[in-house]
Amino acid sequence: MPNFNDIKRRQFLKMGSLFIGTSLLTSCLNQGSQPSSSTSQGSQPSPSKSNGKLDKIKVGLSWKAEAEYGGFYQALATGIYRDYGFDVEIRPLPPQGNVTQLLMGDLVDFSIGQAVNALQAADQGIPKVTVAAIFQNEIQAFLAHPGVGNDSLAQLKGKRVFIVPGLSSIYWPFLEQQYGYTQDQQRPYNFNVTPFLLDKNSVQQGLLTSEPFLIEKEGGFKPVILLLSETGLNPYNFTLETTHKLIDSKPELVHRFVDASMKGWYSYLENPALGNELIQQDNSEMSDELLAFALGKIAEYDLIKSGDAQTLGIGAMTDERWKTLFDQLLTAGVVQDKPSYKDAYTLEFINKGVDYYLA
């Protein structure tokens with residue numbers, strides 16, 4: 001059993017230094033196959049290559065290998081990427097890594113991101129673009145002790161909250177406005193659940209798919225889970241990003257890679273065994289129990305196939321939802337009204353319908 005106190009969590013919005021070396025998982029496994037060329041009404045086909053030459057693609061994760069990236073590992077493990085003409089290398093992110101800098105430095109071709117960060121990047125003129133959204137709902141939550149009266153976001157007013165600056169900068173303005181939170185409630189979250197466990201009146205941030213598991217293992221109780229989406233802010237998560245340069249120069253390649261990745265996600269949610277095997281090879285902390293817990297939470301909260309994805313397919317996004325998010329962040333001062341928020345995303349490569357991806 002790993003020492004869970006040493007397990008650190010990603011910070012989507014906290015900038016780190018550029019890294020060069022990392023543990024790599026490179027594979028051209030072909031343990032299975034799926035059809036690679038099909039069409040649906042209103043969409044373009046993304047044919048696989050048949051000449052035997054594979055496009056080399058590097059994918060940068062926003063953290064270590066885990067279930068939240070399962071569809072990408074599944075597409076690698078089952079041979080879906082190879083069927084679509086790709087030789088894919090998945091790069092987990094080491095401590096202090098910055099996946100946006102890797103993307104901008106052409107060290108990876110695609111990266112995993114988050115919608116708020118994408119809008120902030122557009123604010124700063126960083127030429128990256130979101131091409132798909134795997135998680136339709138926010139998976140960040142506040143976690144509280146049971147039986148102490150901290151059973152809603154409103155009841156957390158005045159309580160100590162362990163939180164990282166990146167998450168605080170996004171949600172705290174909404175918590176202040178809606179529930180009367182104050183800055184002096186905040187305590188630094190150092191990716192260690194022990195301070196929370198020792199203080200029954202405290203609260204800590206956490207991902208639905210991870211921290212509740214760690215708390216139950218170390219503290220012996222199930223924490224109260226309070227979704228931050230209850231503030232009304234519900235950004236896309238675990239998005240797939242690339243550069244404007246790649247889209248402009250190789251749009252067919254982007255179409256093909258997005259299609260293969262979405263098929264990987266459908267395969268992973270159906271039977272994750274092969275994807276999990278690669279995840280565990282790349283991250284020894286991912287026990288069978290933790291992977292099962294994460295997948296259980298993904299299903300319980302319907303994080304991937306809900307909303308627009310029910311009809312448009314995994315990865316779905318809409319102009320309306322991006323506009324709503326931008327307006328909320330603009331009002332809260334998280335972003336500024338500089339260039340068009342539409343620079344942060346494109347719908348060109350998604351929304352092809354569930355039947356398209358299952359064909």
Side-chain angles (χ1 to χ4, degrees), residues 1-12 63-68 70 135 137-168 170-172 174-175 178-182 184-231 233-234 237-238 272 276 279-280 283-304:
M1 180 67 66
N3 182 351
F4 292 116
N5 280 336
D6 293 334
I7 297 179
K8 296 183 178 180
R9 303 300 307 158
R10 73 183 58 77
Q11 297 182 48
F12 282 122
W63 188 245
K64 301 176 184 179
E66 56 190 5
E68 290 90 330
F135 282 60
N137 295 307
E138 175 64 274
I139 68 170
Q140 287 280 3
F142 280 165
L143 308 174
H145 289 256
V148 297
N150 292 337
D151 301 319
S152 70
L153 290 178
Q155 291 176 309
L156 303 185
K157 179 181 177 180
K159 306 298 174 62
R160 286 176 289 278
V161 179
F162 294 100
I163 188 169
V164 297
L167 193 67
S168 172
I170 298 171
Y171 279 100
W172 211 261
F174 296 90
L175 296 167
Q178 296 180 34
Y179 306 112
Y181 286 28
T182 56
D184 60 5
Q185 290 182 236
Q186 296 188 37
R187 301 291 187 276
Y189 177 47
N190 296 318
F191 310 100
N192 184 331
V193 301
T194 301
F196 166 75
L197 294 178
L198 295 176
D199 184 354
K200 289 188 176 181
N201 286 312
S202 69
V203 179
Q204 78 156 65
Q205 72 172 75
L207 294 184
L208 289 171
T209 49
S210 181
E211 272 84 358
F213 176 85
L214 306 182
I215 289 168
E216 187 171 351
K217 282 294 179 183
E218 294 214 1
F221 64 89
K222 293 183 178 181
V224 176
I225 297 175
L226 304 172
L227 301 177
L228 285 176
S229 59
E230 292 179 8
T231 62
L233 191 69
N234 190 24
N237 273 276
F238 290 91
N276 282 347
I279 289 171
Q280 289 177 319
N283 184 1
S284 61
E285 295 170 346
M286 287 295 109
S287 65
D288 291 342
E289 190 178 10
L290 180 52
L291 285 167
F293 179 89
L295 282 164
K297 289 300 180 185
I298 288 172
E300 178 184 350
Y301 288 90
D302 203 7
L303 296 173
I304 294 177

| said: Let's go through Val224 and Val148 carefully: what are the C-alpha distance in whole Å and the side-chain angles of both, what is the deciding distance for side-chain contact (heavy atoms from CB on, under 4.5 Å) to 0.1 Å, and is it a yes or a no? | reply: CA-CA 10 Å; Val224 176; Val148 297; over 6 Å; no
Show which side-chain atoms of residues 159-166 pair as donor or acceptor with protein atoms under 3.5 Å away, not counting sequence neighbours.
from: Lys159; atom 1: NZ; to: Asn150; atom 2: OD1; distance (Å): 2.5
from: Lys159; atom 1: NZ; to: Gln155; atom 2: O; distance (Å): 3.4
from: Arg160; atom 1: NE; to: Asp199; atom 2: OD2; distance (Å): 2.6
from: Arg160; atom 1: NH2; to: Asp199; atom 2: OD1; distance (Å): 3.3
from: Arg160; atom 1: NH2; to: Asp199; atom 2: OD2; distance (Å): 2.8

| field | Test log, rule side-chain contact (heavy atoms from CB on, under 4.5 Å), inputs Asn137 and Leu227 | value | CA-CA 10 Å; Asn137 295 307; Leu227 301 177; over 6 Å; no
| request: Grab the two heavy atoms, one from Ala141 and one from Ile225, that are nearest each other, plus how far apart they are. | output: CB-CG2, 4.0 Å
| request: Quick one: pull up CD1 in Ile170 and CG in Leu233 and give me the separation to the nearest 0.5 Å. | output: 7.5 Å
| message | Ignoring hydrogens, what is the shortest heavy-atom contact between Phe174 and Thr231? Give both atom names and the distance. | response | CB-CB, 4.3 Å
| message | How long is the straight-line distance from CG of Leu175 back to CD of Glu230, given to the nearest 0.5 Å? | response | 10.5 Å
| request: May I ask you to decide if Thr194's main-chain N or O and Asn192's side chain share a donor-acceptor pair within less than 3.5 Å? | output: yes
| task | Might you point out which heavy atoms bring Phe142 and Gln205 nearest each other, and give the distance in Å? | result | CD2-CA, 4.0 Å
| message | Check whether Gln185 reaches the backbone of Thr182 with its side chain - one donor and one acceptor, N or O, closer than 3.5 Å. | response | yes
| Atom pair CG (Leu214) and CD (Gln204), whose distance is rounded to the nearest 0.5 Å | 8.5 Å
| request: Of all the heavy-atom pairs spanning Gln280 and Met286, show the shortest one and how long it is. | output: NE2-O, 2.9 Å
| Taking every non-hydrogen atom, the tightest pair across Pro146 and Phe221 | CD-CD1, 3.5 Å
| message | Let me confirm one number: the CD-CG distance from Gln140 to Asn234, rounded to the nearest 0.5 Å. | response | 12.0 Å
| field | Interatomic spacing from CD1 in Ile298 to CD in Glu300 - rounded to 0.5 Å | value | 11.5 Å
| query | Shortest non-hydrogen contact from Phe293 to Pro212? | reply | CZ-CB, 3.8 Å
| query | For the atom pair OG (Ser229) and CD1 (Ile139), what is the distance rounded to the nearest 0.5 Å? | reply | 11.0 Å
| task | Please examine the side chains of His145 and Asn201, heavy atoms only from C-beta on, and report whether any two atoms are closer than 4.5 Å. | result | no
| query | When you look at Leu228 and Leu167, which way does the side-chain contact (heavy atoms from CB on, under 4.5 Å) test go after all the steps? | reply | CA-CA 10 Å; Leu228 285 176; Leu167 193 67; 3.9 Å; yes
| said: With a 3.5 Å distance limit and no angle check, can you tell me whether Tyr189 reaches the backbone of Gly206 through a side-chain donor-acceptor pair? | reply: no
